[in-house]
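To start, the structure under review is shown below, and the notes come after it.
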Amino acid sequence: MKLSVRTCTKCEISLSQYNPDSVCGPCSRISSAPRVPDRAWRTEEVQRALAAWDFGELLRLLRRRSGLSQMDVRALTGLTQSYISDLENGRKQLAGRDLIIDLLNGMGLPADLRVLLLTPFKDHGRPAATDAFDPAMPWTRDRMVTSLEVAVGGPMKRRSVLSALGGAAMSQYILQSAIAPAEAVAAEVQNGTPVTPKILRSMQEITDEFRQMDASSGSGALASAAKRHLKVLLGWLRSGNFDEKTGRRLAAVTADTAIQTGWYTFDSGQHDAAQSMFLGALRAAHASGDSRLRAGALSFLAIHGYSVGDPRDAITAARTGRQGISDRDAPALQAMLLTRQARGHARLREERHALAALEEAEALCARGAGEDDPHWLYWINRGEILGQRGSCYLELGQPAEAAHAFDAARDVFSREEVRTRAQFLSRAATAQMRAGDADAGCLIGQEVLSLVQGIKSARLDDNLRNMLTEAQQLRSAHPVKPLLEQGEDVMRQRAMA
């Protein structure tokens with residue numbers, strides 16, 4: 001005799017014979033999930049936070065008006081409770097379009113309030129800050145300065161996130177940087193500060209010193225110091241006296257400083273703020289007329305793309321940078337851009353393209369520095385290329401190949417660049433453990449933990465957490481327990497620093 005089959009009244013899936021209800025378990029949980037009532041969205045404070053793209057404040061206000069806990073918000077949005085806490089306390093910002101969409105959809109943003117996301121931000125008496133980021137607008141000196149003032153001052157969080165939202169808009173911005181007409185940068189401001197070549201040499205030396213400090217001990221407090229340094233340069237661009245030749249040199253020093261400031265900001269975990277800085281740096285590099293600086297700015301936009309954004313943006317940025325220096329004798333710069341392109345391909349699981357880019361990068365690196373390679377690219381060597389190959393193999397799900405590449409790279413790394421060495425070795429330990437060699441992975445892991453004291457870098461922290469998480473999977477192996485105990489102590493100390 002055939003038994004009748006009961007189905008869920010919502011999704012029509014077959015119900016268990018042990019379920020006396022008319023709906024299945026998943027549907028029952030959905031129907032009882034917490035919700036943000038419409039009235040919570042109708043206060044002036046909430047709508048002001050939405051219009052300002054201040055998502056931490058938005059969450060805090062909505063929770064208070066809805067009686068929801070952070071765990072309730074986690075159920076609605078998929079964000080972790082710790083991330084929600086950091087967001088509300090201003091320690092983190094939403095990094096990318098997917099998280100923003102998940103947050104707003106999960107919290108039930110009413111359709112009639114979506115228009116608030118397009119509220120323009122205007123700075124009276126100057127070009128609109130939104131215009132400064134619009135690739136279709138002329139690439140003038142004023143827009144270049146405004147974009148960097150926004151990035152340094154931080155009031156324009158909305159626009160930096162808008163840039164992250166649109167892959168097509170980012171591609172347009174990148175391509176426009178290569179084809180926009182040259183800007184006039186000379187300035188004669190009444191009673192303005194004279195800008196001399198000697199002053200600019202001194203400012204460049206400060207930027208170079210910051211770069212060396214970052215390679216050895218991480219971003220640490222460099223971001224705030226570099227911003228102050230950049231503000232001086234922006235002040236001269238806004239109100240200084242200089243001819244066209246000096247103006248282009250001023251724009252070049254500004255571009256290099258903005259690139260480095262963006263990098264320190266990114267390495268501190270502030271990804272959206274870093275992207276705004278990189279976009280402004282790209283405008284400054286364009287104003288300088290130096291295609292190598294433009295390639296440098298594009299290379300950091302590529303890092304942002306393959307790390308926390310759209311990997312396709314990384315590929316577009318790297319290729320555009322390479323095209324811009326095709327008439328230069330700069331094999332090291334070409335090699336660096338190829339590694340960025342390879343990382344984008346690896347994130348997309350495009351193995352053939354990733355490995356081809358790495359092969360070309362290794363061949364170019366073997367040629368040595370060219371006549372046009374910039375002074376700030378001293379760190380490109382065979383160890384860097386091999387380390388990037390290892391990272392690509394990790395992204396491609398080939399830990400054994402990654403471990404082999406990292407092993408080949410470790411003896412080529414500079415001993416002085418401790419942060420860079422620790423970064424790659426943490427990935428090497430992860431690769432060894434994923435490949436099943438707990439002994440080798442833990443040995444490298446302990447070496448990494450002995451290196452990281454005094455190095456401040458959010459990116460390094462992420463790699464250390466990944467390494468220790470991998471070790472957790474091999475908990476039964478003999479050498480894992482001491483590594484985890486040491487790792488726990490190190491991460492506690494880093495959190496307190």
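Small disclaimer: the values here were computed from a predicted structure and weren't measured.
The side-chain contact (heavy atoms from CB on, under 4.5 Å) search around Ala287 returns Met144, Glu183, Val185, Ala251, not counting sequence neighbours.
When Phe210, Trp376, Phe300 are each tested for a ring-ring contact (aromatic ring centres under 6.0 Å, His included) with Trp263, only one passes: Phe300. Between Arg434 and the choices Gln473, Glu470, Gln398, the side-chain hydrogen bond (donor to acceptor under 3.5 Å, both in side chains) rule is met once, by Glu470.
Taking both residues in full, the closest heavy atoms of Ala297 and Ile259 are given as N-CD1, 3.5 Å, listed atom of the first, atom of the second, then distance. Shortest non-hydrogen contact noted between Gly445 and Met467 is CA-SD, 3.7 Å. Residue Asp267 comes nearest to Lys456 through the heavy atom pair OD2-O, 4.1 Å, listed as atom of the first residue, atom of the second, then distance. Closest of all the heavy-atom pairs between Val418 and Leu451 is CG1-O, 3.7 Å. Thr430 and Asn466 make their closest contact through OG1-C, 4.1 Å (heavy atoms, listed as atom of the first residue, atom of the second, distance). The nearest pair of heavy atoms linking Pro374 to Leu333 is CD-CD2, 4.2 Å.
For residues 422-447, the set of pairs meeting the ring-ring contact (aromatic ring centres under 6.0 Å, His included) definition, not counting sequence neighbours, comprises Phe413-Phe424.
For the pair Ser268 (side chain) and Gln270 (backbone), a donor-acceptor distance under 3.5 Å is absent. Remark: side-chain polar atoms of Arg494 are paired, donor with acceptor, to backbone N or O of Ile455 under 3.5 angstrom. Looking only at distances, no side-chain donor or acceptor of His271 sits under 3.5 Å from a matching main-chain atom of Val308. The main-chain N or O of Asp372 is found under 3.5 Å from a side-chain atom of Arg292 such that the two form a donor-acceptor pair. A side-chain donor-acceptor contact under 3.5 Å links Ser299 to the backbone of Gly296.
In summary, the side chains of Gln260 and Asp214 do not present any donor paired with an acceptor at a separation below 3.5 Å, with no hydrogens or angles considered. Between the side chains of Asp208 and Gln204, at least one donor N or O lies within less than 3.5 Å of an accepting N or O. Between the side chains of Gln493 and Gln453, not a single donor N or O lies within less than 3.5 Å of an accepting N or O. For the residue pair Arg283 / Ser147, no side-chain donor-acceptor distance below 3.5 Å is found, with atom types taken as modelled. Counted by atom type alone, Arg74 and Gln81 present zero donor-acceptor pairs between their side chains at under 3.5 Å.
Aromatic rings from Phe278 and His304 are positioned such that their centres are separated by 6.0 Å or more.
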